[in-house]
Amino acid sequence: MEKKRLLVVLAAAVLLYAAGAVFSYASFRTANPAAAAGALARVLVTDAQYAQASPDVILAKPGASLDEYMEDLGYRRAPEEQMGSLAVFIGEDGRQVIHCTQNRYFSRWVRQS
């Protein structure tokens, strides 16, 4: 009976984590729900303007400037190449295309490959 209970608890934990990963990927474009929750908490609760949820996903306060963030990384905006919500930046390392979305609570900047 004890083994069956352990198996049920483990199966529920795996399903809960999988559901969290799917929700995290759908909402934040990162499959790690802990990283997404940590980044979101830093943006919503602290004074931090930006928080990295994954190597390609940055969460920011709604009023934060993507231009300033990218300038700190050594990139400048190429306004002639912008396409809607895709912002294009040029730097020494090449070209970065960032997909920008924003809601009432946070902005999401996703680096496109």
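This chain uses plain numbering: 1 for the first residue, then up along the sequence. Values in this document were obtained by computation on a predicted structure and should not be read as measured data.
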- Message: So, using salt bridge (Lys or Arg N to Asp or Glu O under 4.0 Å) as the criterion, who are the partners of Arg76 when residues are at least two apart?
- Response: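 None.
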
- Message: I'd like to check the salt bridge (Lys or Arg N to Asp or Glu O under 4.0 Å) partners of Glu71; sequence neighbours left out, ordered by chain and number.
- Response: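 Partners of Glu71 under the salt bridge (Lys or Arg N to Asp or Glu O under 4.0 Å) test: none.
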
- Report, as yes or no, whether the 6.0 Å neighbourhood of atom OH on Tyr17 holds more than 12 heavy atoms from other residues, nucleotides or ligands.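 Yes, OH of Tyr17 has more than 12 neighbouring heavy atoms, counting only those of other groups under 6.0 Å.
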
Please report, to 0.1 Å, the donor-acceptor pairs under 3.5 Å made by any side chain of residues 43-51, with sequence neighbours excluded.
residue, atom, partner, partner atom, Å
Thr46, OG1, Arg42, O, 2.3
Thr46, OG1, Ala48, N, 3.2
Tyr50, OH, Ser65, O, 3.3

- Query: Going through the checks in order, is the side chain to side chain contact (heavy atoms under 4.5 Å, CB included) test met by Phe28 and Leu40?
  - Reply: CA-CA 9 Å; Phe28 304 109; Leu40 187 60; 3.7 Å; yes

Apart from [X] itself, which Ile, Leu, Val, Met, Phe, Trp or Tyr residues share its cluster (side-chain heavy atoms under 4.5 Å, direct or through members)?
{"X": "Phe23", "result": "none"}
{"X": "Val22", "result": "none"}
{"X": "Leu7", "result": "none"}

- Item | side chain to side chain donor-acceptor pair (under 3.5 Å) against Gln52, all qualifying residues, sequence neighbours excluded |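 Partners of Gln52 by the side chain to side chain donor-acceptor pair (under 3.5 Å) criterion come out as none, since no residue qualifies.
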
- Query: Could you give the distance from CD (Gln102) to OG (Ser85), rounded to the nearest 0.5 Å?
  - Reply: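 These two atoms lie 12.0 Å from each other.
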
- Contact list for residues 78-95, test salt bridge (charged side-chain N to carboxylate O under 4.0 Å, His left out), sequence neighbours left out: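 For residues 78-95, and leaving out neighbouring residues, the salt bridge (charged side-chain N to carboxylate O under 4.0 Å, His left out) pairs sorted by first residue read Glu81-Arg95.
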
- Message: Listing request: all salt bridge (charged side-chain N to carboxylate O under 4.0 Å, His left out) pairs with a residue in residues 2-12, at least two apart in sequence or in separate chains.
- Response: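 Those involving residues 2-12 do not exist here.
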
- Within the side chain of Gln112, is there an N or O that forms a donor-acceptor pair under 3.5 Å with the backbone of Val110?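 Flag set: sc Gln112 to bb Val110 pair under 3.5 Å.
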
- Item | For Leu6, side-chain contact (heavy atoms from CB on, under 4.5 Å) partners two or more places apart |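 Checked Leu6 against side-chain contact (heavy atoms from CB on, under 4.5 Å); matches are Leu10.
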
- Query: Excluding sequence neighbours, so at least two apart, what forms side-chain contact (heavy atoms from CB on, under 4.5 Å) with Ala18?
  - Reply: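 Once residues adjacent in sequence are excluded, Ala18 has no partner under the side-chain contact (heavy atoms from CB on, under 4.5 Å) criterion.
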
- Which side-chain hydrogen bond (donor to acceptor under 3.5 Å, both in side chains) pairs, counting each pair once, include a residue from residues 23-36, with sequence neighbours left out?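 Residue pairs passing side-chain hydrogen bond (donor to acceptor under 3.5 Å, both in side chains), neighbours aside: none found.
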
- Query: Would Ile98 and Leu66 satisfy side chain to side chain contact (heavy atoms under 4.5 Å, CB included), going step by step from the backbone distance to the final call?
  - Reply: CA-CA 9 Å; Ile98 310 291; Leu66 175 60; 4.1 Å; yes

- In one Ile/Leu/Val/Met/Phe/Trp/Tyr side-chain cluster, 4.5 Å: Ile58, Met70: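 Hydrophobic grouping puts Ile58 with Met70.
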
- Message: Can you see whether Gln96 engages Arg111 through a side-chain donor-acceptor pair at a distance of less than 3.5 angstrom?
- Response: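 The answer is yes; a qualifying pair exists.
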
